[in-house]
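No hydrogens, no waters, no symmetry mates; every other heavy atom, side chains included, goes into these values.
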Amino acid sequence: MIVAAALPLVAEYGAAVTTAQIARAAGIGEATIFRAFKDKEEVLAACTAEAMNPQHVQRELASISLDQPLADRLTEAAEAMRAPLTRMGAVAGALQASGHRRDRAPGRPPGDRAPGRSPGARPADSRETAMRATRDALTELIEPDRAALRLPPERVASIFLGMLFTQLHFGAEGAEADPAEFVDVLLHGTLRKPGSDT
């Protein structure tokens, strides 16, 4: 409940969000947050983990019937993935923009590593792990049509994600392609077929 209430606030304010704001949004007292979490840093870590959790998207993708044509499967996938990918990008972007670094404890000076971390060690890249899991789930969705594709399903899945991310993050307001149009461009490109008006 606390993480669910905190997520939209973290997406808006990044690390500048206060536990008082989170408590108000959750409809609880601020002290209740500290019964569940040691400090605000733990709340931010839980929000990041939830935003990057690929299981939500994987469940949506796994529920898509493989009996449908590929275009319909990918259209459903695009529709299912928009909200989680937007949330993932918003949380990560807001935290980064507010100067939050997951590999540094609060108040630790830049360059000083967290306790117990060896020099040169990198924190687990949860975003990369989440995207790999999502790409694998998409690949499974595309696999039945391998013989009809010019590229392997893994490559089609990567292009699909790249196009979807680009559209979500850089598309002009109100100019986003709807999922069916997005998938049509992915599968058939933008050139007209010779002798065709479409």
Hey, can you pull the donor-acceptor pairs under 3.5 Å for the side chains in residues 149-162, sequence neighbours left out?
residue: E154; atom: OE2; partner: R146; partner atom: NH2; Å: 3.1
residue: S158; atom: OG; partner: E154; partner atom: O; Å: 3.2

According to a hydrophobic-cluster definition based on side-chain heavy atoms being under 4.5 Å apart (Ile, Leu, Val, Met, Phe, Trp, Tyr only), do [X] and [Y] belong together?
X	Y	result
L164	L70	yes
F165	V183	yes
L44	F34	no

Separation of [Y] [atom2] from [X] [atom1] (nearest 0.5 Å):
X	Y	atom1	atom2	answer
D136	M131	CG	CE	10.5 Å
T134	Q55	OG1	CD	10.5 Å
T48	N53	OG1	CG	12.0 Å
D184	L74	CG	CG	11.5 Å
E140	L66	CD	CG	9.0 Å
E79	D178	CD	CG	8.5 Å

Using a 4.5 Å cut-off on heavy atoms from C-beta on, say whether the side chain of [Y] contacts that of [X].
X	Y	answer
E60	I64	no
R24	E30	no
L138	R135	no
R87	R82	no

Whether [X] side chain and [Y] backbone form a donor-acceptor pair below 3.5 Å:
X	Y	answer
S98	G14	no
K38	V43	no
K40	V17	yes

- Residues two or more places apart in sequence or in another chain: which of them pass salt bridge (Lys or Arg N to Asp or Glu O under 4.0 Å) with R73? D145
Which pair of non-hydrogen atoms, one from [X] and one from [Y], has the smallest distance, and what is that distance?
X	Y	result
A77	L61	CB-CD2, 3.6 Å
F182	M163	CE1-CB, 3.4 Å
I2	I28	CG1-CD1, 3.7 Å
A133	Q58	CB-NE2, 2.8 Å
M1	A26	SD-O, 4.2 Å
A11	A94	O-CB, 3.2 Å

- Item | Greater than 12 external heavy atoms within 6.0 Å of Q96's CD | no
